[in-house]
Structures are given as structure tokens and as C-alpha cells.
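A short worksheet on the structure shown next.
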Protein chains: 2
Amino acid sequence: MFNRMQNQIPWWHGRFRGGGYRLTVARQAILNVLGKSDKHLSAEDIYLAVHKVYPAIGLTTVYRTLELLVQMKMVFKFDFGDKRARYELAEGVQGTKHHHHLVCSACGRIINYTDFIDKEIELLNQTEKGLQEKFNFKITNHIIQFYGLCDKCQKNG
Amino acid sequence: MFNRMQNQIPWWHGRFRGGGYRLTVARQAILNVLGKSDKHLSAEDIYLAVHKVYPAIGLTTVYRTLELLVQMKMVFKFDFGDKRARYELAEGVQGTKHHHHLVCSACGRIINYTDFIDKEIELLNQTEKGLQEKFNFKITNHIIQFYGLCDKCQKNG
DNA sequence: ATTGAATATGAAAACCATTATCAATAACGG
DNA sequence: CCGTTATTGATAATGGTTTTCATATTCAAT
């Protein structure tokens, strides 16, 4: 019973070993950061958070690991138009819910919303099916995003 | 009747002068390129096309002009995930139809589609209204895009 | 536990689309 | 035609992301 937490194999162990990848300190640290955050972290955000616990882990490794995690479909990569990529745990991983984003063009604030999602998904599925048939395109993913001004920026603008 | 084409004031004349902007050779050349192309040009694509006719026009001017045109809402700027921005004439300008994009992740091919658009627009409008009310967000625009593999890349993959 | 082979990492340099700088040029109202 | 002021081009700078390459780590086999 003692030492249970430390020695327990984390849920992602199989995902790595199964894919032929090694389970390194850096990769676990990065996944931990992503798992604890409420999202939209840039590579540098993640680097800084990881750096507090493991100062030896470099920014290059963060980039490389994120690329790997995206490829493994454990992480989603987003572009909110502010020149830096943003990352968050993929839907389903660690109970992450499907959601879309609302981005303030002025201050960069990002709101996750899950409202109206059901209808969106439904339409998306229909459209995907239609597009697959018409263009013989095998659709793997989609992006839906809204841009605008948040309440604060409307007042200050 | 003679010289009619050359001397006619182009449709965009008023848009510039009305906004306090000058109607320069570079700006007209860039608009011409955008108007003749069937879309998704990068800044460099545009620069090269313009360069054939006006070798003196530099890449910097192309970037600056595109920025201006986007701000004037005459041009849309897109990101298809290949590190370079893409531009096309805005909806309504020169009869451009509203459409969305289907992007091949493998070869970068982009297909415009107008099918299913009506339902998409309808849903988007509903969602926008809902989001405005719930989050007090003033929505200005949206992005909807599908990614996948085109028929060729499915075979070669 | 130790070892060896292959993967993963860090520091630094390279990349490359886009922006900023600044002196020279062009647009256009008068 | 002139003068004012926006616009431009060459060049340098920026900054997030990738490459490079020598070193360190993982982990299966011993």
C-alpha cells in the first residue's frame, strides 16, 4: 500500500510503449503540466512550468515532445492568431470534454464553450459525410472558432 | 469610346479615396492579381505575380498592402497550417462567393466548397447569437475548416 | 544490477515568414 | 507645377520554431 502513488504506472504508459516510444521524465513532466492546466498553453508556458520542477529540461525538448504528442493524438494544437501555437490535452484524454473556442481579438482572452456544441457536431458530421462523398476527401479533423471582442474590450474600445 | 478601359475608374477607387488612402500602382497591381487568381495566394505568390509586371514593387509593399486590404475588409487572410498566410478577395468583392475550405494535410491542396454552406451559415449565426448573449462577446468573424486527405494522397499514403 | 544499442535530450545555431527602420519617391489637392 | 504627406524599397531585425550534433538516458537482454 505504501509507495502506491509513486510506483503506479501512469495511464499513458501503454500509449508510449505501445507506439515504440520511451517513457521519459521530460515527457511525463510535460503531460503533467498539460493535465493540470485549464488549457491553451504555449510551448513557452509549458517550458516555464516544467522548468520549475525540472530545470534541466530545455525548450527544444518541449517542442519535440509536443510534436510527438500531437502526432500520437494525445494533444491538440491550436492557432489563435497570436503567432504562437497553443496546446491542450486531446478530447477524451483525462476526461477532457469536447469544446470550441471563443477568442478575443483585442486581449487574446480565450473562452471554452460547450454550449451549442451538440448541434455543431451534428452539422459537422453531416458536412463531413457530404464532403467525403463529393470530393473523395478523407476528413480527419476540423476547426471551428469564433473571433470577436470580449465584454471588457468592448467597453475599453 | 476609345481608351475606355484604360481611363475608366476602377471599382475600388472609391474605397481607397473614401478611406483617405492613395490609389497607387502597387495597390492596384496587387488587387489585379488577387482578382484574377482562383485564390489562396501567399504573400510571396502575389509578390512574384506582381513582379512580372512591375519589377520595382517589393515584397515589403506586398505585405503592407495586404495588411491594409485586410483591414479594409477587401481581402480575407487565412491560415491553412503551412506556416504562411494565404489571401483571397473578400466575399462579395468582384462577385466572390461565400465558401469554406477543405485542406489536404499531406499535399496542402485546398478545395473551395459551397455545398452545405447554407446550413453551416445558419448554424453559425445561431451559435454566434447564443455566444453573444451568454458571454457578452461581440463576434466579428469565424473560422470553419476541414482537414483530411485528398483522393490522391489517400492512394499514395 | 550491468551493459549495450538505440532513442531522446540540450545548447547553440539555423530557419524563415513577417515587421520595423529610414531615406527616397510618388500621389494629389491647391 | 509644387509642396505636403502618404507610400515605397532595401535592408536589417524579430521571434517562434527547427536543425544540428555531441552527450545522456531508456530499457531489453544479460
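Lettering of chains follows the sequences in order, A, B, ..., and the numbering in each one begins at 1. Computation of the quantities below employed the complete heavy-atom set of this structure, encompassing side-chain atoms and omitting hydrogens, waters and symmetry-equivalent molecules.
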Taking [atom1] from [X] and [atom2] from [N], how many angstroms apart are they, rounded to a whole number?
X: B:Gln71; N: C:dT19; atom1: CD; atom2: P; answer: 13 Å
X: B:Arg84; N: C:dT19; atom1: CZ; atom2: P; answer: 14 Å
X: B:Leu41; N: C:dA17; atom1: CG; atom2: P; answer: 16 Å
X: B:Arg64; N: C:dT25; atom1: CZ; atom2: C1'; answer: 12 Å
X: B:Leu59; N: C:dC16; atom1: CG; atom2: P; answer: 15 Å

Problem - Along DNA chain C (nearest heavy atom to each residue), the more 5'-positioned of B:Ala43 and A:Gly58 - result: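 That would be A:Gly58.
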Practice task
Go through residues 14-23 of chain B and report each residue with a non-hydrogen atom lying under 4.0 Å from DNA chain C, sorted by number.
Solution key: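 Under 4.0 Å from DNA chain C: B:Arg17, B:Arg22, B:Leu23.
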Problem - Within residues 25-40 of chain A: residues closer than 4.0 Å to DNA chain C (heavy atoms) - result: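 Correct list: A:Ala26, A:Arg27.
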Practice task
Apply the test side chain to side chain contact (heavy atoms under 4.5 Å, CB included) to residues B:Asp45 and B:Arg86: give CA-CA distance (whole Å), side-chain angles for both, the deciding distance (0.1 Å), then the verdict.
Solution key: CA-CA 9 Å; B:Asp45 292 337; B:Arg86 302 274 167 179; 3.5 Å; yes
Exercise for the section: Decide yes or no, distance alone: a donor-acceptor N/O pair under 3.5 angstrom between the base of C:dA17 and the side-chain of B:Ser42. Expected result: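 Per atom types, no contact qualifies.
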Exercise for the section: On DNA chain D, check which nucleotide each of B:Ile57 and A:Tyr87 is closest to and give me the residue with the more 5' one. Expected result: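 Nearest nucleotide further toward 5': that of B:Ile57.
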Handout entry: Residue whose closest nucleotide on DNA chain D lies nearer the 5' end, B:Lys83 versus B:Thr61
Key =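 First, find each residue's nearest nucleotide; the 5'-ward one identifies B:Thr61.
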Practice task
Please name the residue in the list A:Phe146, A:Phe80, A:Tyr147 that meets the ring pair (Phe, Tyr, Trp, His ring centres under 6.0 Å) test with A:His101.
Solution key: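 It is A:Phe80; the other options fail the test.
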Problem - Positive for side-chain contact (heavy atoms from CB on, under 4.5 Å) with A:Ile57, one of A:Thr65, A:Ile46, A:Val50 - result: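 The side-chain contact (heavy atoms from CB on, under 4.5 Å) with A:Ile57 is passed solely by A:Val50 among A:Thr65, A:Ile46, A:Val50.
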Exercise for the section: Pick base, sugar-phosphate or nothing for A:Thr24, based on heavy-atom distances below 4.0 Å to the nucleic acid. Expected result: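 Counting heavy atoms under 4.0 Å across all strands, the contact made by A:Thr24 is with sugar-phosphate only.
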Any heavy-atom pair between the side chains of [Y] and [X] that's under 4.5 Å?
X: B:Ile139; Y: A:Leu102; answer: yes
X: B:Cys107; Y: B:Lys152; answer: no
X: A:Phe78; Y: A:His40; answer: no
X: B:Ile144; Y: A:Leu124; answer: yes
X: B:Gln94; Y: B:Leu31; answer: no

Problem - Closest non-hydrogen atom pair, B:Ala26 against B:Thr61 - result: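 Shortest heavy-atom contact: CB-CG2, 3.7 Å.
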Handout entry: Neighbour count >12 (heavy atoms, 6.0 Å) for atom CD, A:Gln126
Key =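 More than 12 heavy atoms, drawn from other residues, nucleotides or ligands, come within 6.0 Å of this atom.
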Exercise for the section: Say whether B:Leu131 and A:Ile110 are linked into one hydrophobic cluster, either directly or through other cluster members, by side-chain heavy-atom distances under 4.5 angstrom. Expected result: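 No: no chain of side-chain contacts under 4.5 Å links B:Leu131 to A:Ile110.
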Handout entry: Start and end of the DNA chain D segment that chain B contacts, any atom under 4.0 Å from a heavy atom
Key =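 Result: D:dT5 to D:dT18.
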